[in-house]
Each structure stands twice: as structure tokens, then as C-alpha cells.
Amino acid sequence: MMDGTAGVSGHRHADESLLDDPQALAERDPGGMLRFTASAGAQVRESAALAAEANLSVLADDGRPRAVVIAGIGTAGRTGDVLATVAGPRCPVPVIAHRSAGVPGWVGAADVVIAVSASGRSPEALGAAEAAHRRGARLVAVGAPDSQLQSVAERARAPFIPVPRRAPARASLWALTVPVLLAARTLGLVKVNEADLAETAARLDADADRCRPTAESFVNPAKSLALGLSGSVPIVWGSSPLATVAARRFGDTLSANARYPVVAGALGEAGRGRVGLLDGVFGGLTEGDRDIFADRADEESDGTRLRLVLLRDGGLNAEDDTDEPLAVEERRADAVQTLAERRGVRCDVVTAEGGSALERLASLVAVPDFTSVYLALAHGLDPMAVPAITEMKELANQ
């Protein structure tokens, strides 16, 4: 029986000097979360090869589905959001990320269910796969080889894409996402070609190099962002649907790796209410009293403050009349930066780069993924071991 604090360690204030000590970083990351995070590019290449070996062509035999449901929880569930945003507003059928047990009540023979689980044993993915089989829906399963999920797929005579469990689920976003995208491509729902995958993998490799442990804080964008976020309440907003997926991903990793509370979502929605946080007790009300000449240590002892992270897309589809006009997104992003500046709330901006939607998404995810790990390490937290998760599972399964 755990006492509620077993395995909990770390320190309240971030140790900034630790981030520029590669040996200390390695000692505090015994599970290798930095190494796993750096494997993102390799995950893209390996999963693309594994998906190519799977018999996905049978998916196309019955033509275009009525709808596609991506079933999974946590990082596996996030793959559905990635598919929806990469497919874009012109996708000919609804793409629905489903994070509950089973499948929606309307799913039937006209639909496709993609069940995703890094371990191959999550109840959400297993329940969805079994329900899809019972209802006669086309099924694709993505997960660990020789798992329960593979067994369900084999019973249903459905394609199974094996994803070797080389990292924790939250560090396996790309390993799980690529098979989902390629299954959707087979169905004619998304345009992702081999060049897009290669360029996305190269982008992830390049960002991993920029964020490597031996790169000092002043040239390492992830370390710099981690230092800026330390001791704050982060607000992460995406300027577009694609950037919003990256913002929610950053919220996931900040919570799981660094144990920081985060507000994350779409800037468009924030403008209808949550932007008021900038006026609140952690924002303008506190910043108005801040001494601009005070040093950082004094600021930290003064109280917790908001820190805004704005993920800006820039978009490639400005002429797509089914999208919100790019100019509107850009004006909104400019406006929130101005609001933050007027209230003294510091704002960090990450801007997408790349020639495809997938590569642009990768450019908004890579640095924040590393940031969450560095922030954990600066607080003396092991980003791999999360005692509360283990304890939660024990309590829930009693």
C-alpha cells in the first residue's frame, strides 16, 4: 500500500545550472526520456516501413467509408487529432477521435475503426476493436506486436500494424501516428507521400540535434523555453487547428513529464473567454506590481505568474476557402501577443516551418517535447517515472 508520497522526489524551484551539465542530466534521466524523445525521426521511418509491410490494401476493397473512428487513450488518442488536422477541412468523410470504451453507437458496416494502443492492451483500444468486429465495421489495429490487440485483429482478419514498444507511450507519438496516417491514405482520406514522411523525419532529427543535452541553454531552444516556463503557470495556445493539436500535445507532455498544470487549446476559442486569464491574479493583476528591475530570484519568490506560449502555424492553405482565412489567424495571434505585452505577461512564440502539414506539425511538436523533459530534470524529477500514475492504476484496480 502506498502512503501517497512514495517515490515522489524533486525540488520546488528549478536548478537552471543543471541544464548545462550533460553528465548531471544523464544521471537524473536514468530511464532515458531524452534519448526516447530524440528518436522521433527514427520512429517515423520505422513505422512507415512497418505499415508498408502490412496488408492495408484490403481496406480499400469496400471503397470510401462513411466515417473513420480512431480509438485510443492518451498519446494513442492524440493520433486521431493529428489525422483530422492533416486531412484538413476538405477530408471527404468525418474523422473522429474516440477516447472512451467501445465505439460510438452509430458505428456500423459502412465505417472504419482504427484502434491504437502502444502497449496493445489498453481497454479503450481493445473494446473498440472488439465492438468494430461485432458490428461488421472495417478494422485496423496499431500497437505492440504479440499483444492482445493483435489477437483481436487476427480474429477479425483485420490489418495489424506492429509498433515495437521502444519507448513510453507518451514518447511514441510518431511511432503510433504514421500507421494511422498511412491507413487513412489507403482509404483516400489524406495526402501523405513518401517525401512528406522523409522531410518530417529529417525535421525531427534536426530539432533533436538542436535540442541535444550537450547544446548549451543559449543556443538550445528547448532548454531556453524550459527556463522561461520554470515556476510559471503555462498557457499554450495554437493559432490554427494544426497548431492547436501541437498545443494540446505540449499540455500533455508538460503535465506528464514536468508535472506542471497547463491551460492548452485553440487561440480562437481562447478569444471568447480564456484570454481573460491575462487580466487575472496570475497575470495582469500581479504583473502590474512587478518591479521591472527585480532579478529572477526575487520574481520567483514574489509568486507564480502566467507564461504564454503561442504556437503559430502560418498555414500553407491560405487559398483554401473551407479554412478560416490565414489573415484572421495571423491577426488574432498578433492581438494576443499585444495583449500579453500590455499586461506584462511574458510570451514565447514557436513558429511552424516546413512544406507539408505533417512537417509543420512536427516543427511545432519537437522543441516543446524536449522542453517538457528539460523542465522536469531542472526540478529534479525523473520524467520517466510518474508515481501518481502507478498509484492511480493500483487504486483503480483494487
Assert yes or no for the condition that the ring centre distance of Tyr260 to His379 is strictly below 6.0 Å. yes

Intermediate values then yes/no, side chain to side chain contact (heavy atoms under 4.5 Å, CB included), Leu377 and Leu375: CA-CA 5 Å; Leu377 296 173; Leu375 188 54; over 6 Å; no

Which of these, Thr200, Thr351, Asp313, sits in a side chain to side chain donor-acceptor pair (under 3.5 Å) with Arg360? Asp313

Any donor and acceptor pair, going by atom type alone, linking the side chain of Glu359 with main-chain N or O of Gly355 inside 3.5 Å? yes

Tell me if a side-chain donor or acceptor on Arg135 pairs with a main-chain N or O of Val107 at a distance below 3.5 Å. yes

Is a salt bridge present between Arg210 and Asp207, judged by a nitrogen-to-oxygen distance below 4.0 Å? yes

Please determine if Asp196 and Lys191 form a salt bridge, counting it only when a charged side-chain N lies under 4.0 Å from a carboxylate O. no

Distance from [X] atom [atom1] to [Y] atom [atom2], nearest 0.5 Å?
X	Y	atom1	atom2	value
Met384	Phe36	CE	CZ	4.5 Å
Thr177	Leu83	OG1	CG	9.0 Å
His133	Arg155	NE2	CZ	7.0 Å
Asn257	Arg170	CG	CZ	4.5 Å

Pair Ser217-Asp20, side-chain donor/acceptor within less than 3.5 Å: yes

Salt bridge (Lys or Arg N to Asp or Glu O under 4.0 Å) between Glu329 and Arg312: does it pass, once the steps are laid out? CA-CA 9 Å; Glu329 293 179 358; Arg312 299 189 65 154; over 6 Å; no

